[in-house]
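In this text, all values refer to a predicted model and were calculated from it rather than measured experimentally.
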Amino acid sequence: MPSGDNTALSVPAPAGGRRFSVCREDEPMPPTLSGAIAAIGNFDGVHFGHRALIAAVRETAAAAGRPAVALTFEPHPRAYFLPHLPMFRLSDAAAKERVFARLGLDGLVVRRFDAGLAGTGARAFVESLLVRDLGLSGVVVGHDFHFGRGREGTPAVLAELCAGAGLGCRIIPAVSLPTMSQLPLSSPPAAPEKTMEPVSSSAIRTALAAGDVARANALLGYRWFVSGVVQHGDKRGRTLGYPTANVALSDCGLAHGIYAVRVALADGGIRDGVASYGRRPTFDDGAPLLEVNLFDFSGDLYGQTITVEVVAYIRGEERFDSADSLIARMDIDAEQARAILAADGVPSML
């Protein structure tokens, strides 16, 4: 999730009132997570495919009477190995924490991906990290999971090493969804093979880059969201009758355009709105900026962190001949956004 800063998001209450513990980088495993069974991965987006791992780890842990956790790594390995290349992350550490807290896990374990971990061999990854440092009793991974120095560890290698170390190991096959669907935050239904599409973080990034929010949110199983601190702008929106909360997003691959959005404010309030993401071609063609107009709201949000759910794509970014023609189009955009938000039923993580 592109973010304007490193401010942590507030985490919604775990599903069913379950206590959710977070063991962050360099912290020892808390007693409440002792002997946990862990789903392991980068989990960018925590999408439907990842949720198959979460369902499996919950099932396995319940049968064994053990805590169920997710184990992930920060920064993302690609950002570590290719720091000079921009990376469109669907969910940063705080966003993943928010989503995991809603999925019925007992906890989340975050470990730093650095030179030491990158240089750790497959056997040491299992024996030193999983067994000695974390004290896990089992793991769940996807069919394409790789680990260890140079990605030498495959699912088959992991299963063999886990067996030797006394750990349980469960490998989950790929997950696909119907090509055209918007599905609830639950296990996807079966569908004919010819209509299915593999779920992946790459597919979601591609959908968002094309403005296909409906498809991206279907693959995620919830509305994709971004977070950042509201910053001062040129106050042009006020003169147009549409004051905005402006958030700069780093390495965001979302298509430039107009969107129906739902926003969580720092005080816990939820507001509907319409947002523009782009360069403002009618005025300055400046750096990309997320500009959010909140319906029926007046207040000072400067310096506050807001979380913006992208609910639907309305249109692409356009250059208008005059401010009046822009305002006329903004009136239409706002009306369309209100109608979309009134009818939308995709699950929320706010």
Checking the side chain of [X] only, and the main-chain atoms of [Y] only, is there a donor and an acceptor separated by less than 3.5 Å?
X    : Y    : value
D106 : A68  : yes
R132 : L130 : no
Y80  : A115 : yes
D44  : R89  : no
R58  : L105 : no
R78  : L85  : no
R262 : V311 : no
S91  : G45  : yes
S348 : L350 : yes
T305 : V229 : no

As a quick check of understanding, evaluate ring-ring contact (aromatic ring centres under 6.0 Å, His included) for F81 and F113, giving each step before the final call. CA-CA 10 Å; F81 286 114; F113 194 91; 5.6 Å; yes

Which is it for F100 and F43 under the ring-ring contact (aromatic ring centres under 6.0 Å, His included) test, yes or no, and what are the steps along the way? CA-CA 10 Å; F100 279 130; F43 297 113; 5.2 Å; yes

Whether R102 engages the ring of Y222 as a cation-pi pair (distance to the six-membered ring centre under 6.0 angstrom, angle to the ring normal within 45°) should be assessed.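 Output no; distance or angle outside limits.
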
Under 6.0 Å from the six-membered ring centre of F320 and within 45° of its axis: does the NZ or CZ of R329 meet both?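 No, a cation-pi geometry is absent between R329 and F320.
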
If you take all heavy atoms of [X] and [Y], which pair is closest and at what distance?
X    : Y    : result
A337 : F295 : CB-CZ, 3.9 Å
M29  : A36  : CE-CB, 4.5 Å
A159 : I171 : CB-CD1, 4.4 Å
C162 : V139 : SG-CG2, 3.8 Å
L177 : V199 : CG-CG2, 3.5 Å
R280 : P288 : NH1-C, 4.5 Å

Would the number of heavy atoms belonging to other residues, nucleotides or ligands and lying under 6.0 Å from CG of D321 be above 12?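 Counting neighbours around CG of D321, 12 or fewer heavy atoms of other residues, nucleotides or ligands fall under 6.0 Å, so no.
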
List the residues meeting side chain to side chain donor-acceptor pair (under 3.5 Å) with R319, not counting sequence neighbours, and say none if there are none.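 Side chain to side chain donor-acceptor pair (under 3.5 Å) list for R319, sorted by chain: D285.
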
In Å, rounded to the nearest 0.5 Å, how long is the span from [atom1] of [X] to [atom2] of [Y]?
X    : Y    : atom1 : atom2 : value
L208 : C252 : CG    : SG    : 8.0 Å
H47  : W224 : NE2   : CH2   : 14.5 Å
I172 : H50  : CD1   : NE2   : 13.0 Å
S201 : L90  : OG    : CG    : 5.5 Å
L103 : M349 : CG    : CE    : 5.5 Å
I37  : R66  : CD1   : CZ    : 7.5 Å

For E318, check salt bridge (Lys or Arg N to Asp or Glu O under 4.0 Å) against everything at least two apart and list the hits.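 Here the qualifying residues are R315.
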
Partners meeting salt bridge (Lys or Arg N to Asp or Glu O under 4.0 Å) with R223 (sequence neighbours left out):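 E309, D344.
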
Between [X] and [Y], is any pair of side-chain heavy atoms under 4.5 Å apart?
X    : Y    : value
E152 : V157 : no
M196 : P178 : yes
E160 : R123 : no
T32  : P67  : no
L290 : L254 : no
R112 : L117 : no
V140 : F145 : no
V110 : K96  : no

Qualifying salt bridge (charged side-chain N to carboxylate O under 4.0 Å, His left out) pairs with a residue from residues 298-308, counting only residues at least two apart or across chains: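 Those involving residues 298-308 do not exist here.
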
Does any pair with a residue in residues 164-175 pass salt bridge (charged side-chain N to carboxylate O under 4.0 Å, His left out), and if so which ones, sequence neighbours excluded?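 Every salt bridge (charged side-chain N to carboxylate O under 4.0 Å, His left out) pair that includes a residue of residues 164-175, provided the two are not neighbours, is E59-R170.
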
Please walk me through it: do V310 and Y277 pass side chain to side chain contact (heavy atoms under 4.5 Å, CB included)? CA-CA 11 Å; V310 180; Y277 179 65; over 6 Å; no

Report the C-alpha separation of L108 and T72 in whole Å, then their side-chain angles, then the decisive distance to 0.1 Å, and conclude whether the side chain to side chain contact (heavy atoms under 4.5 Å, CB included) test is met. CA-CA 8 Å; L108 170 65; T72 191; 4.0 Å; yes

Hey, which of D272, V274, I306, L301 is the one that makes side chain to side chain contact (heavy atoms under 4.5 Å, CB included) with L294?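 Among D272, V274, I306, L301, the one meeting side chain to side chain contact (heavy atoms under 4.5 Å, CB included) with L294 is L301.
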
Considering the options N293, I340, L341, V308, which one meets the side chain to side chain contact (heavy atoms under 4.5 Å, CB included) requirement together with V261?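 Single pass found, and it is V308.
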
According to a hydrophobic-cluster definition based on side-chain heavy atoms being under 4.5 Å apart (Ile, Leu, Val, Met, Phe, Trp, Tyr only), do [X] and [Y] belong together?
X    : Y    : value
L71  : V126 : yes
Y242 : L289 : no
I258 : V213 : no
V99  : I40  : no
L134 : F73  : yes

Residue pairs, two or more places apart or on separate chains, that pass side-chain hydrogen bond (donor to acceptor under 3.5 Å, both in side chains) and touch residues 141-151: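 Listed by first then second residue: H146-R151.
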
Yes or no on side chain to side chain contact (heavy atoms under 4.5 Å, CB included) for I204 and F48, after CA distance, side-chain angles and deciding distance? CA-CA 11 Å; I204 297 166; F48 255 124; over 6 Å; no

Decide yes or no on side chain to side chain contact (heavy atoms under 4.5 Å, CB included) for F88 and L249, but give the supporting numbers first. CA-CA 10 Å; F88 177 20; L249 304 176; over 6 Å; no

Would you say the side chains of D324 and S322 form a donor-acceptor pair under 3.5 Å?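 D324 vs S322: no donor-acceptor pair found between side chains.
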
Ring-plane angle category for F147 and F125, please: parallel below 30°, perpendicular beyond 60°, tilted otherwise.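 Rings of F147 and F125: tilted, 30 to 60°.
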
